[in-house]
Chemist: 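Here it is, the structure, as structure tokens.
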Amino acid sequence: MNPYTNQGSQDTRSGFGAGLAELGKTNPNVVALCADLIGSLKMDDFIEAHPERFFQIGIAEANMMGIAAGLTIGGKIPFTGTFANFSTGRVYDQIRQSIAYSGKNVKICASHAGLTLGEDGATHQILEDIGLMKMLPGMTVINPCDFNQTKAATIAIADHIGPVYLRFGRPKVPNFTSSDAPFEIGKGLILKKGKDVTIVATGHLVWEALEAAAALAEQSIDAEVINIHTIKPLDNDIILKSVAKTGCIVTAEEHNFLGGLGESVARVLSENAPTPQEFVATNDTFGESGTPSQLMAKYGLDQTAIQLKVHKVLERKI
Amino acid sequence: MNPYTNQGSQDTRSGFGAGLAELGKTNPNVVALCADLIGSLKMDDFIEAHPERFFQIGIAEANMMGIAAGLTIGGKIPFTGTFANFSTGRVYDQIRQSIAYSGKNVKICASHAGLTLGEDGATHQILEDIGLMKMLPGMTVINPCDFNQTKAATIAIADHIGPVYLRFGRPKVPNFTSSDAPFEIGKGLILKKGKDVTIVATGHLVWEALEAAAALAEQSIDAEVINIHTIKPLDNDIILKSVAKTGCIVTAEEHNFLGGLGESVARVLSENAPTPQEFVATNDTFGESGTPSQLMAKYGLDQTAIQLKVHKVLERKI
Amino acid sequence: MEKSFEDYPSNQLGWVIFVQSINKMADLQFLTDTVQQVRRDILRMVHKVNSGHPGGSLGCAEFFVTLFNEVMERKDGFSMDGKEEDLFFLSNGHISPVFYATLARAGYFEVSELNTFRLLDSRLQGHPTTHEGLPGVRVASGSLGQGLSVAVGAALAKKLNNDPKLIYVLMGDGELQEGQNWEAMMFAAAKKVDNLIATVDLNGKQIDGTTEEVLSLGDVKQKFEAFGWTTFTLKEGNHIPALLTQLQEAKAACGKGKPVAILMQTEMGNGVDFMMHTHAWHGKAPNDEQLEAALAQNPETLGDY
Amino acid sequence: MEKSFEDYPSNQLGWVIFVQSINKMADLQFLTDTVQQVRRDILRMVHKVNSGHPGGSLGCAEFFVTLFNEVMERKDGFSMDGKEEDLFFLSNGHISPVFYATLARAGYFEVSELNTFRLLDSRLQGHPTTHEGLPGVRVASGSLGQGLSVAVGAALAKKLNNDPKLIYVLMGDGELQEGQNWEAMMFAAAKKVDNLIATVDLNGKQIDGTTEEVLSLGDVKQKFEAFGWTTFTLKEGNHIPALLTQLQEAKAACGKGKPVAILMQTEMGNGVDFMMHTHAWHGKAPNDEQLEAALAQNPETLGDY
Ligand SMILES: Cc1ncc(C[n+]2csc(CCOP(=O)(O)OP(=O)(O)O)c2C)c(N)n1
Ligand SMILES: Cc1ncc(C[n+]2csc(CCOP(=O)(O)OP(=O)(O)O)c2C)c(N)n1
Ligand SMILES: [Mg+2]
Ligand SMILES: [Mg+2]
């Protein structure tokens with residue numbers, strides 16, 4: 001049985017909005033920027049309470065990143081908000097030079113990440129953003145799993161000095177973590193202990209991993225489920241300790257299998273403890289229009305896909 | 001002993017220039033675009049011979065990618081030329097939507113890749129471009145090892161239908177492959193057979209790998225050296241066959257260890273044959289000014305670094 | 001060519017009968033009928049999947065229908081190369097409903113396929129794409145700001161091919177905030193790309209409000225002219241005869257060493273009273289009752305899909 | 001303020017003694033001496049490592065020296081925050097030699113450190129960076145087109161902090177081909193960022209040739225004005241008194257609801273005869289003989305590093 005219960009589905013972007021509103025009250029240095037997507041990013045509450053600390057940039061994401069970098073110079077902590085594609089690929093060089101290499105304290109907050117934004121289709125469904133951001137030296141990359149954790153992560157990154165990429169999504173998904181759980185950057189969380197196989201999941205796929213583990217339990221497979229909300233810095237220890245016990249691993253992410261969490265884990269393993277691994281991720285294709293659940297099923301990102309990969313990796317375990 | 005001899009050092013970008021000039025004669029559909037870096041990209045010969053098939057875009061790389069996409073619609077085969085950073089990170093979303101997702105037959109040709117461009121420093125030394133381009137569905141990613149191979153690759157990609165990222169460098173490096181060797185996209189090449197350890201190298205590091213293998217031979221270590229000029233599609237077979245024999249592997253690339261060739265290889269291994277692997281790559285840092293050889297030494301990208309990693313991985317081999 | 005239509009009210013029903021560029025009353029009737037049917041198509045498409053962008057789509061219905069049916073010199077069928085025919089690129093890809101409906105009604109594919117808009121496995125993706133092979137689409141759009149560059153490239157290819165036909169491209173006004181447009185603007189003027197007509201949907205609105213509230217574009221005409229373009233302002237962007245006259249005038253301005261632009265003032269949500277004079281319907285679908293009300297204002301003409 | 005200097009020849013030696021904004025002859029002498037020394041520094045820096053960008057650096061020497069020594073209200077020492085002082089951003093980072101030499105000569109770090117330009121482990125990277133902690137640098141540049149946005153952000157922060165000081169930023173003219181500049185231009189005007197002075201190094205040259213040959217910028221002043229900026233053209237961008245007057249005039253134009261720009265016409269390679277009137281020295285270092293000839297034209301004033 002899934003040890004967690006859904007407290008009521010909510011979108012993770014609303015967790016961001018709630019966290020930002022909270023920061024508005026507690027941290028006078030926090031400022032927010034948006035590129036014509038206030039509603040989608042759930043920034044309304046912050047803006048209403050602190051209009052003078054909000055900057056509407058218009059549809060000019062490159063300029064937004066530069067302005068954010070400049071604001072840090074006056075001691076501000078800028079939170080930029082737009083869709084994940086326009087938060088990363090659109091502005092990679094601007095983030096690279098004006099933020100990452102310049103060591104600027106900018107929080108790049110990205111909604112509508114992954115396939116699950118749904119009907120808008122492939123031009124909006126970035127499946128490479130984790131890879132893009134993880135390659136930048138000094139960048140912290142976070143992909144929380146539900147509303148509560150996104151809210152906690154939003155609040156936590158304000159206190160972290162340095163650039164952060166915070167990724168969240170559009171659809172309503174189960175909210176199951178505790179609303180008062182502290183968020184520790186870079187510390188993976190074991191959500192369910194197990195001895196047969198390790199499932200390392202991030203973002204929306206954490207809940208799917210828990211559901212898969214519950215189903216696997218009924219097949220007498222004891223899966224360990226780790227919520228790896230921080231992809232960089234990666235919690236190598238928690239992964240290595242777990243596979244030392246289980247001997248095999250499945251990674252699960254709403255991302256291309258190239259360049260993302262899965263490859264980071266593969267690298268850690270091959271460098272430390274070569275271990276059979278299977279990948280729950282998109283298979284080097286663009287996305288398409290559809291409902292979130294249709295897409296997760298078609299592209300193999302749901303609990304069924306996780307179970308399949310667990311069976312596959314168990315067969316490979318010696 | 002290194003089985004190859006340096007026929008005289010040349011820059012790989014000149015190989016591109018030579019290949020492009022050749023294409024100018026043989027393929028009337030080939031057109032070239034440049035963003036104010038004609039000389040650096042060695043495009044002069046093509047331009048002189050075919051001024052009407054050359055487009056000077058000015059310092060506007062995003063526009064260059066869009067124009068290239070548009071040119072394909074009239075049946076042209078556009079070759080874009082600028083530095084690697086401005087060929088990838090600067091224009092990621094433009095490549096993604098207007099070229100890759102749109103399936104356009106654009107050849108993105110990128111010079112000054114990696115640390116070895118030297119004195120210009122970190123803003124120009126992209127160490128993430130392989131990762132950036134490999135994550136795009138449908139993109140072919142090629143990083144040839146010397147002048148001759150770059151020339152051959154340039155000519156070969158004109159006949160490949162679909163977007164290609166061709167990466168080459170600034171400094172003069174040994175030219176050692178045969179000038180009439182055919183270039184087959186996606187087929188790795190075993191440059192030296194060996195049984196103790198596999199060294200998979202790309203770009204400038206192939207020569208370093210050969211030199212390292214020669215030095216290792218004197219220490220009675222028999223290294224197999226594979227030139228993996230195509231990073232995507234990756235020649236999984238050649239890698240898996242080699243490690244089946246050697247039982248351990250070192251990957252070598254002028255790139256961050258995050259997201260590049262090394263992680264692609266780690267993924268292939270963990271999915272097929274978990275194997276101890278060590279990484280010759282930059283260690284998640286930005287580059288800096290210096291001469292190419294200083295930088296390769298400081299950042300651990302030369303034959304010495306390869307030897308060290310070989311020793312390390314041999315110790316891990318069971 | 002004198003802008004004689006600006007004197008007339010832009011009342012959709014009060015058209016002037018004698019129009020220089022349309023000689024037959026039948027043409028006018030056909031265009032107005034098609035616009036009305038396209039409006040229905042747009043509304044029904046976005047309603048069915050409860051997503052998509054009706055506002056900008058409705059605002060550009062007259063433009064699309066006029067352009068595709070009376071202005072563009074098109075060949076039968078569809079080839080990606082598009083040699084020897086006029087080509088159109090949609091940069092503001094979110095108004096795909098009007099693009100799809102216009103294409104279907106112009107015969108690029110069966111109108112019944114409009115039924116698949118934004119569904120899984122459809123060729124009618126949320127934003128237009130070549131990826132699924134939909135006839136009429138030559139490049140993907142959706143991420144804003146890229147279409148003008150692509151259009152410039154296609155125009156250059158036409159020149160290389162000695163192909164005398166023209167390139168059309170539509171952009172949103174909010175979209176002009178993207179810097180890539182200004183790169184393309186500068187290039188087209190510097191390199192005399194004069195076989196290109198760029199039209200801007202100047203509806204004064206974007207997602208978060210009016211363009212004025214979000215990020216003022218200032219004087220757009222002045223900007224285009226400063227960037228070296230022959231620039232027309234079309235006040236009646238929802239008036240078919242005015243559109244026709246303007247498009248013909250723009251065509252006549254091609255080939256003179258300068259790129260050509262039309263700043264087309266439209267009404268977002270045009271043709272559905274409660275969708276007009278607001279940015280609320282930029283990206284929101286009507287519910288059942290709203291759909292009914294909207295369709296009642298636009299009775300069937302060519303037959304629903 | 002009348003532009004009285006435009007009437008005078010821009011001969012470096014024929015300065016007018018009475019300048020409104022410089023009251024002491026000593027200041028003028030100091031500035032001219034510093035410019036000459038900075039020229040030597042630039043030449044020696046790029047020669048030593050046989051790389052770097054002398055052309056644009058020399059062309060902007062008068063601007064940098066005047067700005068840092070007579071115009072900017074700076075505090076002692078260096079803090080990243082730069083509160084309560086004027087800040088400068090270099091967007092066209094390739095002209096780092098003139099930036100470094102000016103900073104060193106203004107006391108930000110020891111002049112001897114100029115000796116480490118572009119060497120391994122140096123704080124004087126090929127392009128300016130904060131990464132190595134060099135005092136005076138607040139953001140990395142080198143990839144063109146990003147500096148104006150950063151400057152706008154810093155200007156907004158000053159407003160939030162009720163800090164009345166100004167932001168200065170320099171861009172290249174070729175650099176204006178990057179679309180991000182126009183995003184920042186549109187934003188600064190729309191949001192009334194009027195505590196910002198942007199200067200463009202209008203030398204008419206870039207890597208592959210003149211801007212005219214590569215990609216004509218057209219009428220730059222018209223573009224800036226169309227984008228809503230108060231725009232000055234400075235014809236004598238290598239003439240210290242003219243620079244001073246212009247910079248003071250620009251300062252006086254701040255705080256009036258519009259961003260302020262100076263289009264500064266300079267001569268690339270200024271002060272070294274064989275480096276002028278060509279784009280050849282954009283990014284090429286002189287060899288030994290060329291260095292000697294160039295230094296001979298610019299005798300030591302404040303002492304070589
Ligand atoms: C690069 C990019 N940034 C942001 C968006 C999200 N977005 C979609 S439509 C839109 C507003 C576009 O405004 P406009 O061009 O005026 O179109 P209209 O609302 O009038 O249809 C935005 C911000 C996007 N699609 N692409
Ligand atoms: C984004 C980007 N594209 C290309 C380059 C390569 N580049 C360096 S300087 C330069 C020319 C700049 O021209 P301009 O701004 O006029 O400077 P000037 O040559 O006058 O010093 C170019 C293309 C770069 N540094 N950044
Ligand atoms: Mg609009
Ligand atoms: Mg210049």
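For the numbers below, each heavy atom of this structure counts, side chains included, while hydrogens, waters and symmetry mates do not. In what follows, chains are A, B, ... by sequence order, proteins preceding strands, each numbered from 1.
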Chemist: Pairs of donor and acceptor atoms under 3.5 Å between chain D and chain C, please, with atom names and distances.
Modeler:
from	atom 1	to	atom 2	distance (Å)
D/Gly179	N	C/Glu183	OE2	2.7
D/Glu183	OE2	C/Gly179	N	2.7
D/Lys191	NZ	C/Val214	O	2.7
D/Val214	O	C/Lys191	NZ	2.7
D/Lys223	NZ	C/Ala226	O	3.0
D/Ala226	O	C/Lys223	NZ	3.1

Chemist: Closest approach of C/Phe232 and C/Ala250, non-hydrogen atoms and distance?
Modeler: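 Shortest heavy-atom contact: CE1-CA, 3.8 Å.
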Chemist: Roughly how far, to the nearest 0.5 Å, is the CG atom of C/Leu87 from the CG atom of C/Leu196?
Modeler: 11.0 Å
Chemist: Looking at D/Ala190, D/Ala189, D/Ala226, which one has more heavy-atom pairs under 4.5 Å with chain C than the rest?
Modeler: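 Top option by heavy-atom pairs under 4.5 Å: D/Ala226.
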Chemist: What are the two closest heavy atoms between D/Leu90 and D/Phe64, and how far apart are they?
Modeler: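 D/Leu90 and D/Phe64 have their closest heavy atoms at CD1-CZ, 3.8 Å.
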Chemist: Find the distance between CG (D/Leu234) and CG (D/Leu202) and round it off to the nearest 0.5 Å.
Modeler: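 Result: 10.0 Å between the selected atoms.
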Chemist: Identify the heavy atoms of D/Leu217 and C/Met186 that sit nearest to each other, and give their distance.
Modeler: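 Shortest heavy-atom separation between D/Leu217 and C/Met186 comes out as CD2-SD, 3.8 Å.
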Chemist: Partners of D/Ala154 by side-chain contact (heavy atoms from CB on, under 4.5 Å), sequence neighbours excluded?
Modeler: D/Phe89, D/Ile167
